[in-house]
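To start, the structure itself, in structure tokens.
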Amino acid sequence: MKRFFVTTPIYYINDVPHLGHFYTTLAVDVLARYHGLKREEVIFSTGTDENSQKTVNAAKKAGRDLEEYTDEMAARWKKTWDALGIQYSDFIRTTEPRHIKAVEKFTRTVLDKGDIYKGHYEGLYCVDCESFKQEGELVEGCCLEHKKPVEKRSEESYFFKLSRYGDELLNYYEKNPNFLCPESLRNEMIEFIKRGLKDISITRKGAEWGISFPDDPEYKLWVWFDALVNYLTVAGYGGSEDYKNIWPADLHLVGKEIFRFHAIIWPAMLMSAGIEPPRRIFGHGFFTIEGEKMSKTRGNVVDPVALSEKYGRDAVRYYLLREVPFGQDGDFSEARLIERYNSDLADNLGNLLSRITKICEDNFDGKAPEVDIEKTKKGFEFGGVGFLLGDGIVKNNWDHLEKYFLETSLRFDLYLGLVVGSGNQEGGGVSGLLNRYIDHSELWNLVKKDKESAKIITYQVLEHLRHIAWWLRPILPETSDKIFEQIIADEKTRAEELKKDFTEARKWGGLKPGTPVKKGPALFPKIK
Ligand code: MSP
């Protein structure tokens, strides 16, 4: 069985998840569901990055015991993903024994390779970024990202010989042109390496929290050196060699601000340890909120749970992935969410389902019309408008849609545009086309005048909705279920449908004539 191993970053626990964290996790959830529907074995890992100075600071600020605080926060992250319907298969915490074991083994391997040495570190550190800074990266002594003063550090430290891996990395990128996506980030990494890599300090002397450096526990490992190893821990590294059955991961999906850690430091660490790099790293863009950076001080942090409770989980999933091309930066606005919801989901898709199920109930005894499938493979022409329908267009769409899901592309926006489009945009989406098919054929009149033609059209719309339900399944799982419940109202037939793989599902005529159809509640009640 083919396997698909995909990861989110592991998140810091000094706060609870916001819309930005949800965005990455949602995209991974969509990919995991998609590969699951392709009947692959999916490993989807997410988790919490707990050995961070930020954790210590947050616990202190809250006047809490560190361990208690981390347990509670990790549980809150997990609970949030559960409430949002995220189907991870592994939730990794970096304070777990399996991870500590993996990090110890990994560090020792790199030590044995001769890639770690002791030296003196003198420089600047931003605790919020958990990373080292150069003078040139600061404004008035503050980190640009967090606008807070950085710390001056001068201490003994262990270093990782990152400088040794510049050429090897560049070679690797060249031989594996799709290793880093999108291309803009790949180019940035190449430029960065060409300017020269420096060795990096990977320990903190006397830190009170973190994973100890092997044989020298006075030193704690730099949180990134520990955190990146989480991807190997998930594969089972640190125990037997069986992790090689699972590793390398197919895809690390991360935000662009931590791309460099994943695209340069992590592969260099793996090269040093003699372990294959992951197959792909994809960096996506950042969301602002109504044009502003999301931050606690601005008080504009968006809670994905509250948002989903207000509009429905699928509406939020739809909006986030439809609105912005994955990889580019985007802006979140509740007004836009409502616009999209009303035009694409309520007026277009929802309306289509309710129209056609009503026609079935009113004219065909609540069943998919009895038709000769062969006759449903071609469209009709009404008032000079030809409708390309049937097996041809459906096949084309399946092919297109699969392309948008390739990990080098990840164009969820185009994918959704093709399926649902927009209600008032000619040519926008299959569901828009079907609504116009009903309009132009005046199906509600046609059933009275020419029942044979009406049967064919009704069947065609229902069968298209079956394909739509499959297409939407990885992105809008609840909506997909609801469509299936209405167009295949009988439980046994529905269970058989849902067992299909994509090869089976994509065949035209999968909806059996005579299948019970039942109009249900509106998929997306219009927001006034
Ligand atoms: N702990 C590190 C990651 C270690 S991975 C080995 C970390 N954690 S984080 O909590 O700060 O999460 C950062 C990630 O959250 C980003 O890379 C991105 O995936 C997501 N996002 C956080 N804010 C975001 C936006 N405003 N917009 C989009 N995604 C954002 O960094």
Side-chain angles (χ1 to χ4, degrees), residues 9-10 12 49 51-54 94 102-104 106-138 143-146 150-170 172-173 180 188-207 210-216 218-232 252 254 257-275 277-278 281 283:
I10 48 170
Y12 292 128
D49 189 354
N51 300 313
S52 149
Q53 183 63 40
K54 290 194 300 192
T94 55
V103 172
E104 278 168 0
F106 187 89
T107 313
R108 198 171 288 284
T109 310
V110 177
L111 253 172
D112 292 347
K113 173 82 185 287
D115 277 344
I116 294 177
Y117 62 91
K118 203 171 185 179
H120 185 82
Y121 178 75
E122 188 127 9
L124 308 163
Y125 193 84
C126 169
V127 173
D128 285 271
C129 296
E130 287 287 9
S131 90
F132 301 96
K133 299 279 162 184
Q134 306 291 330
E135 284 287 355
E137 293 174 283
L138 309 176
C143 146
L144 273 178
E145 168 79 12
H146 297 99
V150 294
E151 286 179 5
K152 263 208 176 85
R153 287 186 183 175
S154 171
E155 63 197 27
E156 294 287 290
S157 172
Y158 286 92
F159 285 80
F160 170 59
K161 287 187 185 167
L162 181 64
S163 63
R164 202 189 229 193
Y165 288 95
D167 288 342
E168 211 175 312
L169 285 166
L170 289 175
Y172 192 83
Y173 297 169
L180 305 180
E188 260 183 49
M189 296 305 115
I190 294 175
E191 286 313 305
F192 188 84
I193 295 176
K194 283 187 175 161
R195 286 197 294 273
L197 292 179
K198 290 199 181 72
D199 293 345
I200 50 172
S201 157
I202 56 160
T203 56
R204 187 80 218 273
K205 195 175 178 180
I211 300 179
S212 300
F213 188 76
D215 303 334
D216 207 348
E218 202 194 337
Y219 291 82
K220 298 282 182 273
L221 276 168
W222 176 41
V223 65
W224 271 100
F225 200 84
D226 135 16
L228 287 162
V229 176
N230 92 83
Y231 304 125
L232 278 177
H252 294 328
V254 302
E257 92 288 15
I258 58 171
F259 196 74
R260 206 197 285 170
F261 296 90
H262 285 82
I264 297 178
I265 300 179
W266 178 225
M269 285 165 64
L270 288 165
M271 284 168 178
S272 171
I275 300 171
I281 302 161

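Note that these values count all heavy atoms, side chains included, but never hydrogens, waters or copies made by symmetry.
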Supply the atom-to-atom distance [X] [atom1] to [Y] [atom2], rounded to the nearest 0.5 angstrom.
{"X": "L162", "Y": "L197", "atom1": "CG", "atom2": "CG", "result": "4.5 Å"}
{"X": "L169", "Y": "F192", "atom1": "CG", "atom2": "CZ", "result": "11.5 Å"}
{"X": "E137", "Y": "L144", "atom1": "CD", "atom2": "CG", "result": "8.0 Å"}
{"X": "W266", "Y": "I258", "atom1": "CH2", "atom2": "CD1", "result": "13.0 Å"}
{"X": "I116", "Y": "S272", "atom1": "CD1", "atom2": "OG", "result": "7.0 Å"}
{"X": "K113", "Y": "K161", "atom1": "NZ", "atom2": "NZ", "result": "10.0 Å"}

Return yes if some donor-acceptor pair links the side-chain N/O of [X] with the main-chain N/O of [Y] below 3.5 Å, else return no.
{"X": "E168", "Y": "Y165", "result": "no"}
{"X": "T107", "Y": "V103", "result": "yes"}
{"X": "N230", "Y": "D49", "result": "no"}
{"X": "T203", "Y": "Y158", "result": "yes"}
{"X": "D115", "Y": "V110", "result": "no"}
{"X": "E155", "Y": "R204", "result": "no"}

With a 4.5 Å heavy-atom cut-off, do [X] and [Y] have their side chains touching?
{"X": "R108", "Y": "D215", "value": "yes"}
{"X": "D128", "Y": "C143", "value": "no"}
{"X": "F261", "Y": "E130", "value": "no"}
{"X": "Y173", "Y": "I264", "value": "yes"}
{"X": "P267", "Y": "Y172", "value": "no"}
{"X": "Q134", "Y": "L124", "value": "no"}

Specify the closest pair of heavy atoms between [X] and [Y], including all atoms of both residues, with the distance to one decimal.
{"X": "P278", "Y": "L270", "value": "CD-CD1, 3.7 Å"}
{"X": "K220", "Y": "A207", "value": "CG-O, 3.5 Å"}
{"X": "S154", "Y": "E122", "value": "OG-OE1, 3.5 Å"}
{"X": "T94", "Y": "N51", "value": "O-ND2, 3.1 Å"}
{"X": "V229", "Y": "F225", "value": "CG2-O, 3.3 Å"}
{"X": "K194", "Y": "L170", "value": "CG-CD1, 4.2 Å"}

Show, in sequence, the C-alpha distance, side-chain angles and deciding distance for V223 and K54, and conclude whether the side chain to side chain contact (heavy atoms under 4.5 Å, CB included) test is met. CA-CA 10 Å; V223 65; K54 290 194 300 192; over 6 Å; no
Quick one: list whatever passes ring-ring contact (aromatic ring centres under 6.0 Å, His included) with [X], sequence neighbours left out.
{"X": "Y12", "result": "none"}
{"X": "F159", "result": "Y117"}
{"X": "F132", "result": "Y121, Y125, W222"}

If you apply the rule side chain to side chain contact (heavy atoms under 4.5 Å, CB included), what do you find for H262 with Y231, and how did you get there? CA-CA 11 Å; H262 285 82; Y231 304 125; 2.7 Å; yes
Would you say R260 has more than 12 foreign heavy atoms packed within less than 6.0 Å of its CZ?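 12 or below, so no.
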Around K198, counting heavy atoms of other residues, nucleotides and ligands shown, do more than 12 lie under 6.0 Å from its NZ? no
I275 and F106: side chain to side chain contact (heavy atoms under 4.5 Å, CB included), yes or no, with the steps? CA-CA 10 Å; I275 300 171; F106 187 89; 4.2 Å; yes
Is it true that E151 and R153 have a side-chain N and a carboxylate O under 4.0 angstrom from each other?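 The answer is yes: the pair qualifies as a salt bridge.
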Is there a side chain to side chain contact (heavy atoms under 4.5 Å, CB included) between E188 and F259 once you walk through the steps? CA-CA 10 Å; E188 260 183 49; F259 196 74; over 6 Å; no
